[in-house]
Amino acid sequence: QVQLVESGGDLVQAGGSLRLSCVASGSMFSPNTMAWYRQAPGKQRELVAGITRSGSINYDDSVKGRFTISRDSAKNTVYLQMNSLKPEDTGVYYCHAGGIYGLYLRDYWGQGTQVTVSS
């Protein structure tokens, strides 16, 4: 019943901006942690940014000062504002959510959204 619906991926030029959104649907799901990962071609998936319900945030060093993660807990939605994009930011961005589903702890992945930064 839980689905993570992502949007916002696009093709942009270096220096441009994008805003990614992810909505975790499912009335019984209450995510404590929501995060963004990315996977470049031929590389391992890596954490970009994460945020907890209480507001604790962490970023990968490569995006600090350029990306901003935020969330609307009431809507189970997480955002990633990406500024000053670089070609190295290119990859498939995946939304991840972990928390309580009914009486259980569960985590879910989105389908991914493509971000391509051209030089």
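Heavy atoms only: backbone and side chains are in, while hydrogens, waters and symmetry mates are out.
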Are any side-chain N or O atoms of [X] and backbone N or O atoms of [Y], one a donor and one an acceptor, separated by less than 3.5 Å?
X	Y	value
S25	Q3	yes
Y79	T68	no
R66	S62	yes
R38	T90	no
Q39	V92	no

Between [X] and [Y], is any side-chain donor less than 3.5 angstrom from a side-chain acceptor?
X	Y	result
T116	Q114	yes
Y37	R45	no
D72	T77	no
T52	S54	yes
S70	R19	no

Does Q13 CD have over 12 foreign heavy atoms under 6.0 Å away? no

So how far is it from M82 CE to L18 CG, rounded to the nearest 0.5 Å?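 Atom-to-atom, M82:CE and L18:CG are 4.5 Å apart.
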
Give the intermediate values and the outcome of side chain to side chain donor-acceptor pair (under 3.5 Å) for residues R53 and S30. CA-CA 9 Å; R53 182 179 292 274; S30 181; 2.7 Å; yes

Close side-chain approach of S84 to F67, heavy-atom, < 4.5 Å: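 Counting from C-beta outward, S84 and F67 never come under 4.5 Å.
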
Does some side-chain heavy atom of D60 sit less than 4.5 Å from a side-chain heavy atom of L47?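 The answer is no; the side chains never approach within 4.5 Å.
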
What is the ring orientation for Y94 with W109, classed by angle as parallel under 30°, tilted 30 to 60°, or perpendicular over 60°? perpendicular

What is the ring orientation for Y101 with F29, classed by angle as parallel under 30°, tilted 30 to 60°, or perpendicular over 60°? tilted

Under the salt bridge (charged side-chain N to carboxylate O under 4.0 Å, His left out) criterion, do D61 and K64 qualify, and how do the steps go? CA-CA 5 Å; D61 287 341; K64 287 182 179 178; 3.0 Å; yes

